[in-house]
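A note on names: the letters A, B, ... follow the listed sequences, proteins ahead of strands, and every chain is numbered from 1.
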Amino acid sequence: MVVTRFAPSPTGKLHLGGARTALFNFLFARKNKGKFILRIEDTDKERSKKEFEEDIKNSLLWLNIEFDSFFRQSERIETYKELIKKLQSEGKVYKCFCTKEELEAQKLEQISQGIAPRYSGRCSKLTKEEISFFERTRSYVFRIKVEPQKLEINDLIKGKVIFDTLLIGDFIIAKSEEEPLFNFATPVDDALMGISHVIRGEDHLSNTPKQIIVLKSLNMPIPQYAHLPMILSKDYSKLSKRHGATSISELKEEGFLPEAIINFILLLGWHESSDREIYSLNEAIEAFSLERIQKKPAVFNEKKLIWFNRYYLLRKSPSEILSLTYKDFKEKYNFQDESYILKIINLAKERASTLKELIENSFYFFEEPDYKPELLIWNKAPSTAIKEFLEKTLNVLEGIEEKEFNPEKIKLELSKLSPNDLGLVFWPFRVALTGLEASPGPFEIASILGKERTIQRVKKAIEKLS
RNA sequence: GCCCCCAUCGUCUAGUGGCUAGGACACCGCUCUUUCAAGGCGGAAACACCGGUUCGACUCCGGUUGGGGGCGCCA
């Protein structure tokens, strides 16, 4: 039975890297008809925040990455406590009374000697008398005894990796009975929850031997490990807030679609042998395999994310987009005629990269555009000529009956004004309606705006040139 | 400093001893066209370096260089 988990600490919003880890765990579980668990690793009371837990959950669900069960480590303290006690009674874990200052000095000393910093094991050799004395005078933490050995890990992505536990030393598994640390709580939960495959970021590779040591001390089963390469920013540094919106909730705000994000992160470090690039979630489940995961870090390329977003946006029906944007349209423009918005969407979706852009770029459907008179000038034509053509345009528009005020009719009639240089009529007309250098075609816009407002805007343009 | 991982166009990647080194994004042309998109067509663009192994290396081995990750009473 395949059981995977995504185990974030709620110390920040869900980022692209985390989302990809969650996705891969989810895909692998679904592909193998197994289970996928979300486990919040909130043992660090200072840094963990409920709001981040919410953000992670909501983001996952928004992406359609559904988990089968949910756990919170802060609710499992008793379990860890018992296990610490058990290990202590077996002599595998001991109390360490060294102060932070002592430890720091030791570490600096070791680094200056060019050796890997590690704990000396001093407190493991304390006598009963010394222990009881220190218990009354000092605070302590729990360390686990680490036998020197070459620990071999068969990582499903990296292959065989060997660690020398001599370089690790006795490490701390808990700050107190009630405060287990990551490298203890994580492997314990993995074992207790029947996790078969631990799929996580490469930053955890060096934690793996420690976690295996814990598991071995506890006689608990060791899962398979698969360490994903990191996702880097364009400057090859670790992905962070500095590099723009990389949290899922921010991307959502920016108007990205979940299917675009899924498709994008899927291809960040994973690829089939084919040239295929477009995957729905279900198709991804079908195609996914750990073997095809890349070993080297991938650089996050926002342009491609935008491309995917446009791809999926282009393929959505206007009514689907309406349901995704209606609320925002309504709020931004204080307007709620669905059929009107639907027409706008139909026209604007081809030009927008994101939902947000679609909404913002459609402002001229809701308010009078403001622009410089010079923008009306087409191809260096004299402004008197432009004005003349705008007046002719006005005339033609007024002559079209309300019920015939559609793109085809408007275009047909206006084309007659300057058949040899259509831009002379079309360009100023379009600017009059939008105030923009670039926009959808004027006929569609006019027809959505309606005869009255169209005429009004053309009149205003004429005024600008007077 | 020490440990671990990695290395094909700018980016994401295909490639598992013999290929004109393929695709996608981005970029640049052309086309369409009132503008901008979208579409169509085309272009430029990569095997980090040095040694081996081999009839033959992008592919295998070693080293160099470069990049990434880790070395917490964080996760």
Side-chain angles (χ1 to χ4, degrees), chain A residues 7-12 41-44 46-48 73 96 98-100 103-104 107 110-118 139-143 153 155 157-159 161-164 167-169 171-176 179 181-183 185-186 200-209 227 229-230 232 234 236-238 264 267-278 294-308 310 314 348-353 361 378-379 411 414-415 418 421-431 434 436-443:
Chain A
S9 65
T11 54
E41 309 224 320
D42 54 352
T43 50
D44 185 336
E46 273 80 60
R47 296 201 310 151
S48 295
Q73 286 189 325
C96 172
C98 296
T99 65
K100 286 181 183 176
L103 261 17
E104 185 61 24
K107 179 177 155 186
Q110 286 167 328
I111 288 177
S112 73
Q113 284 175 28
I115 56 178
R118 65 172 186 278
S139 63
Y140 57 82
V141 296
F142 290 97
R143 286 187 186 271
I153 297 163
D155 191 272
I157 293 167
K158 302 287 177 189
V161 184
I162 298 166
F163 286 95
D164 187 351
L167 301 175
I168 296 172
F171 59 93
I172 301 172
I173 60 161
K175 289 156 85 164
S176 72
E179 298 170 291
L181 256 18
F182 169 72
N183 277 322
T186 294
R200 66 203 338 181
E202 195 181 347
D203 47 341
H204 287 299
L205 186 57
S206 55
N207 286 319
T208 307
H227 287 93
M230 303 270 86
L232 273 26
K234 38 240 128 217
Y236 275 84
S237 66
K238 229 175 162 178
F264 174 69
L267 261 23
L268 235 36
W270 178 88
H271 205 283
E272 276 193 287
S273 59
S274 70
D275 286 335
R276 184 172 182 192
E277 301 240 288
I278 301 299
Q294 210 71 23
K295 286 184 173 188
K296 64 167 178 177
V299 174
F300 164 65
N301 177 201
E302 195 182 13
K303 290 266 178 64
K304 188 134 189 184
L305 207 208
I306 290 171
W307 179 81
F308 272 119
R310 180 169 264 173
L314 227 35
K349 71 166 191 168
E350 213 166 79
R351 271 158 261 258
S353 296
N361 289 353
W378 163 253
N379 205 13
K411 184 172 186 180
L414 288 182
S415 299
S418 174
D421 185 1
L422 293 167
L424 203 49
V425 182
F426 294 173
W427 173 272
F429 181 37
R430 201 182 52 71
V431 172
T434 64
L436 296 173
E437 214 164 321
S439 78
F443 320 110

J.: Can you check each nucleotide of nucleotides 63-75 of chain B against protein heavy atoms at under 4.0 Å and return B for base, S for sugar-phosphate only, - for none, in 5' to 3' order?
T.: ----SBSSSSBBB

J.: Just by distance, with hydrogens left out, do A/Thr186 and A/His204 show a side-chain donor and acceptor under 3.5 Å apart?
T.: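 No donor-acceptor contact under 3.5 Å links the two side chains.
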
J.: Ignoring backbone atoms, test whether A/Lys295 places a side-chain nitrogen or oxygen under 4.0 Å from the OP1 or OP2 oxygen of B/C5.
T.: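 Looking at the OP1 and OP2 atoms of B/C5, neither is under 4.0 Å from any side-chain N or O of A/Lys295.
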
J.: May I ask you to establish whether A/Arg310 and A/Trp307 are in a cation-pi arrangement, using a distance under 6.0 Å from NZ or CZ to the six-membered ring centre and at most 45° from the ring axis?
T.: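 Not satisfied by the 6.0 Å and 45° rule.
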
J.: Taking the side chain of A/Leu422 as its heavy atoms from C-beta onward, which of B/A14, B/C12, B/U34 lies nearest to it?
T.: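 Out of B/A14, B/C12, B/U34, the nucleotide with an atom closest to A/Leu422's side chain is B/U34.
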
J.: Which whole number of Å gives the distance between the C1' atom of B/C25 and that of B/A44?
T.: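 Straight-line distance between the two C1' atoms is 15 Å.
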
J.: Take atom CD of A/Gln113 and atom P of B/C2, then tell me their distance rounded to the nearest Å.
T.: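 About 13 Å, once rounded to whole Å.
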
J.: With rounding to the nearest 0.5 Å, note down the distance linking CG in A/Asn183 to CD1 in A/Ile173.
T.: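 One finds 10.0 Å between CG of A/Asn183 and CD1 of A/Ile173.
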
J.: So which nucleotide from B/U8, B/C12, B/U35 ends up closest to the side chain of A/Lys296?
T.: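 That would be B/U8.
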
J.: Could you check which nucleotide pairs with B/C41 in any of the strands shown, counting Watson-Crick or G-U wobble with both distances under 3.5 Å?
T.: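 Here B/C41 is engaged in a pair, and the nucleotide opposite it is B/G29.
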
J.: A/Trp378 and A/Asp421: side-chain donor and acceptor closer than 3.5 Å?
T.: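 A/Trp378 vs A/Asp421: donor-acceptor pair found between side chains.
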
J.: For the side chain of A/Lys175 and the backbone of A/Val141, is there at least one donor-acceptor N/O pair under 3.5 Å apart?
T.: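 No: the side chain of A/Lys175 does not pair with the backbone of A/Val141.
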
J.: Dump the pairs, protein N or O against N or O of nucleotides 21-26 of chain B, anything under 3.5 Å, distances to one decimal.
T.:
from, atom 1, to, atom 2, distance (Å)
B/A24, O4', A/Glu277, OE1, 3.2
B/A24, O2', A/Glu277, OE1, 2.6
B/A24, O2', A/Lys304, NZ, 3.0
B/A24, N3, A/Lys304, NZ, 3.3
B/C25, OP1, A/Trp307, NE1, 3.4
B/C25, O2', A/Lys304, N, 3.4

J.: Does A/Gly269 reach a base, just sugar-phosphate, or nothing at all? Heavy atoms under 4.0 Å.
T.: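 Contact class for A/Gly269: sugar-phosphate only.
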
J.: Identify whether any heavy atom of A/Pro428 sits under 4.0 Å from a base atom; if not, whether one sits that close to sugar-phosphate; answer base, sugar-phosphate or nothing.
T.: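 Nothing: the residue A/Pro428, judged by heavy atoms under 4.0 Å, touches no strand.
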
J.: How many whole angstroms separate atom CZ of A/Phe429 from atom C1' of B/C36?
T.: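 So the two atoms are 17 Å apart, to the nearest Å.
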
J.: What interatomic distance, in whole Å, is found between P of B/C28 and the corresponding atom of B/U65?
T.: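 Between the two P atoms, the distance is 38 Å.
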
J.: Take the protein atom CD of A/Glu350 and the nucleotide atom P of B/G39, then report the distance between them rounded to whole Å.
T.: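 My rounded result for the distance is 8 Å.
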
J.: Minimum heavy-atom separation for A/His227 to A/Lys158, with atom names?
T.: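 Where A/His227 meets A/Lys158 most closely, the heavy atoms are O-CE, 3.6 Å.
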
J.: Using atom CG of A/Asp421 as one end and atom P of B/U33 as the other, report the distance to the nearest whole Å.
T.: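 Roughly 14 Å, once rounded to whole Å.
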
J.: Watson-Crick or G-U wobble partner for B/A7, using a 3.5 Å limit on both distances?
T.: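 Its partner is B/U65.
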
J.: Contact class for A/Gln110 (heavy atom, under 4.0 Å): base, sugar-phosphate, or nothing?
T.: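 No contact at all - A/Gln110 keeps every heavy atom at 4.0 Å or more from the nucleic acid.
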
J.: With both distances kept under 3.5 Å, what pairs with B/C71, Watson-Crick or G-U wobble?
T.: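 Paired with B/C71, as far as the under-3.5 Å criterion goes, is B/G1.
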
J.: What integer distance in Å separates A/Asp155:CG from B/C6:C1'?
T.: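 The distance from CG of A/Asp155 to C1' of B/C6 comes to 13 Å, rounded to the nearest Å.
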
J.: Suppose you measure atom P in B/A21 against the same atom in B/A48; what distance do you get, rounded to whole Å?
T.: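 B/A21 and B/A48 have their P atoms separated by 15 Å.
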
J.: Measure the distance from CH2 on A/Trp378 to C1' on B/C36 and round it to the nearest whole Å.
T.: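 Rounded to whole Å, this separation is 12 Å.
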
J.: Taking atom P in both B/G52 and B/A45, what distance in whole Å separates the two?
T.: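 The same atom, P, in both gives a distance of 30 Å.
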
J.: Are there more than 12 heavy atoms of other residues, nucleotides or ligands under 6.0 Å from atom CD of A/Glu437?
T.: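 Count not over threshold, so no.
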
J.: On a whole-Å scale, what distance lies between the P atoms belonging to B/C61 and B/U8?
T.: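 Roughly 16 Å separates the two P atoms.
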
J.: CD of A/Glu202 to CE of A/Met230: how many Å apart, nearest 0.5 Å?
T.: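 Rounded to the nearest 0.5 Å, the CD-CE separation comes out at 6.0 Å.
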
J.: Round to the nearest Å and state the distance from A/Asn379 atom CG to B/U33 atom P.
T.: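 Taking atom P of B/U33 as the reference, CG of A/Asn379 is at 16 Å.
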
J.: Under 30°, 30 to 60°, or over 60°: which ring-plane class applies to A/Phe300 and A/Phe264, parallel, tilted or perpendicular?
T.: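 Plane angle over 60°, so perpendicular.
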
J.: A/Phe426 vs A/Phe443 aromatic rings, parallel, tilted or perpendicular, using cut-offs 30° and 60°?
T.: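 It falls in the perpendicular class, over 60°.
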
